[in-house]
Amino acid sequence: QVQLVESGGDLVQAGGSLRLSCVASGIIFSRYTMGWYRQAPGKQRELVAGISRAGNTIYGDSVKDRFTISRDNAKNTVYLQMNSLKPDDTAIYYCSAAAAGTWDPKYRDYWGQGTQVTVSS
């Protein structure tokens with residue numbers, strides 16, 4: 001059974017940092033692109049950051065230069081380092097895996113349950 005389990009979400013003040021982790025099981029992890037997505041109340045789910053099988057990365061415009069995605073294939077884990085957090089970063093953050101090359105959330109293969117990130121002003 002495929003499972004993606006996120007952790008690391010918390011309440012943090014603006015300007016602070018968090019590191020999210022997502023541990024995958026039931027897949028050959030190195031064969032999948034991994035992504036972090038977020039969804040805030042009243043908004044569509046959006047791509048925060050993605051990382052390819054080769055380690056190439058992509059970031060949403062709103063988080064570029066503040067967030068960093070990385071993966072450790074030996075641990076079946078993808079990370080999201082979040083710095084200089086803003087209240088607008090408040091959302092549920094989801095981990096996602098896909099074998100095919102798309103970042104569109106409609107076409108991702110697997111999703112975690114999400115972890116809440118709340119940034120206070």
Side-chain angles (χ1 to χ4, degrees):
Q1 186 177 3
V2 176
Q3 282 192 298
L4 304 177
V5 181
E6 303 99 332
S7 62
D10 207 349
L11 171 64
V12 64
Q13 290 189 331
S17 297
L18 287 173
R19 191 176 80 155
L20 307 183
S21 299
C22 171
V23 180
S25 60
I27 61 171
I28 302 174
F29 183 78
S30 62
R31 294 286 297 167
Y32 284 76
T33 71
M34 301 298 298
W36 287 97
Y37 297 74
R38 67 186 183 189
Q39 189 163 25
K43 290 189 174 183
Q44 297 282 92
R45 188 170 298 190
E46 65 175 352
L47 175 70
V48 177
I51 186 164
S52 73
R53 297 185 298 176
N56 299 313
T57 58
I58 185 171
Y59 296 93
D61 289 341
S62 64
V63 308
K64 191 175 183 179
D65 299 323
R66 297 189 297 121
F67 293 7
T68 302
I69 189 170
S70 61
R71 66 191 295 161
D72 186 341
N73 289 347
K75 296 182 177 180
N76 285 6
T77 302
V78 61
Y79 305 95
L80 184 68
Q81 179 65 48
M82 309 165 68
N83 298 326
S84 301
L85 283 161
K86 305 174 181 180
D88 284 349
D89 295 319
T90 295
I92 301 174
Y93 283 70
Y94 298 92
C95 176
S96 177
T102 179
W103 301 114
D104 188 333
K106 294 181 180 179
Y107 301 112
R108 303 295 292 180
D109 295 330
Y110 305 109
W111 293 92
Q113 292 296 306
T115 186
Q116 177 71 48
V117 172
T118 302
V119 184
S120 63
S121 60

### Query
Under the side-chain hydrogen bond (donor to acceptor under 3.5 Å, both in side chains) rule, what pairs show up with a residue in residues 12-28, not counting sequence neighbours?
Ser17-Asn83
### Query
With sequence neighbours left out, which residue pairs that include part of residues 20-86 fulfil the disulfide bond (SG atoms under 2.5 Å apart) condition?
Cys22-Cys95
### Task
List for me each residue that meets side-chain contact (heavy atoms from CB on, under 4.5 Å) alongside Ser84, sequence neighbours excluded, and say none if there are none.
Arg66
Side-chain donor/acceptor pairs under 3.5 Å, residues 54-63, sequence neighbours excluded:
residue: Tyr59; atom: OH; partner: Ile69; partner atom: N; Å: 3.0
residue: Ser62; atom: OG; partner: Arg38; partner atom: NH2; Å: 3.1

### Task
Using the test side-chain contact (heavy atoms from CB on, under 4.5 Å), find all partners of Val23 that sit at least two apart in sequence or belong to another chain.
Thr77
### Pairs flagged by disulfide bond (SG atoms under 2.5 Å apart) wherever residues 61-90 is involved - sequence neighbours left out
none
### Query
By side-chain contact (heavy atoms from CB on, under 4.5 Å), which residues pair with Ser121, not counting sequence neighbours?
Pro87
### Query
For Tyr94 and Gly112, which heavy atoms make the closest approach, and how far apart are they?
CD2-O, 3.6 Å
### Task
Could you list all the salt bridge (Lys or Arg N to Asp or Glu O under 4.0 Å) pairs where at least one residue sits in residues 99-110, not counting sequence neighbours?
none
### Message
Nearest 0.5 Å, please: how far is CD in Gln3 from CG in Asn76?
### Response
12.5 Å
### Task
Mark yes or no for whether Thr90, through its side chain, and Val119, through its backbone, hold a donor-acceptor pair below 3.5 Å.
yes
### Task
Please examine the side chains of Leu85 and Phe67, heavy atoms only from C-beta on, and report whether any two atoms are closer than 4.5 Å.
yes
### Query
So does Gln113 have more than 12 non-hydrogen atoms from other groups sitting under 6.0 Å from CD?
no
### Summary
Here the ring pair (Phe, Tyr, Trp, His ring centres under 6.0 Å) pairs for residues 100-121, sequence neighbours left out, are Tyr37-Trp111
### Query
Is the side chain of Thr33 donor-acceptor paired with the backbone N or O of Ala98 at a distance under 3.5 Å, no angle test?
yes
### Message
Taking side-chain hydrogen bond (donor to acceptor under 3.5 Å, both in side chains) as the definition, give me every residue that meets it alongside Thr68, ordered by chain and number, with sequence neighbours left out.
### Response
none
### Query
Just by modelled atom types, is the Ser52 backbone N or O under 3.5 Å from a matching donor or acceptor in the Arg71 side chain?
yes
### Query
Asp72: what forms a side-chain contact (heavy atoms from CB on, under 4.5 Å) with it, not counting sequence neighbours?
Ala74, Lys75, Tyr79
### Query
Which heavy-atom pair separates Leu18 from Gln81 by the least distance, and what is that distance?
O-NE2, 3.6 Å
### Message
With side-chain contact (heavy atoms from CB on, under 4.5 Å) as the criterion, how do Leu20 and Glu6 come out once you've worked through the C-alpha distance, each side chain's angles and the decisive distance to 0.1 Å?
### Response
CA-CA 7 Å; Leu20 307 183; Glu6 303 99 332; over 6 Å; no
### ILVMFWY cluster membership beyond Leu11 - transitive side-chain contacts under 4.5 angstrom
none
### Close side-chain approach of Ser120 to Thr118, heavy-atom, < 4.5 Å
no
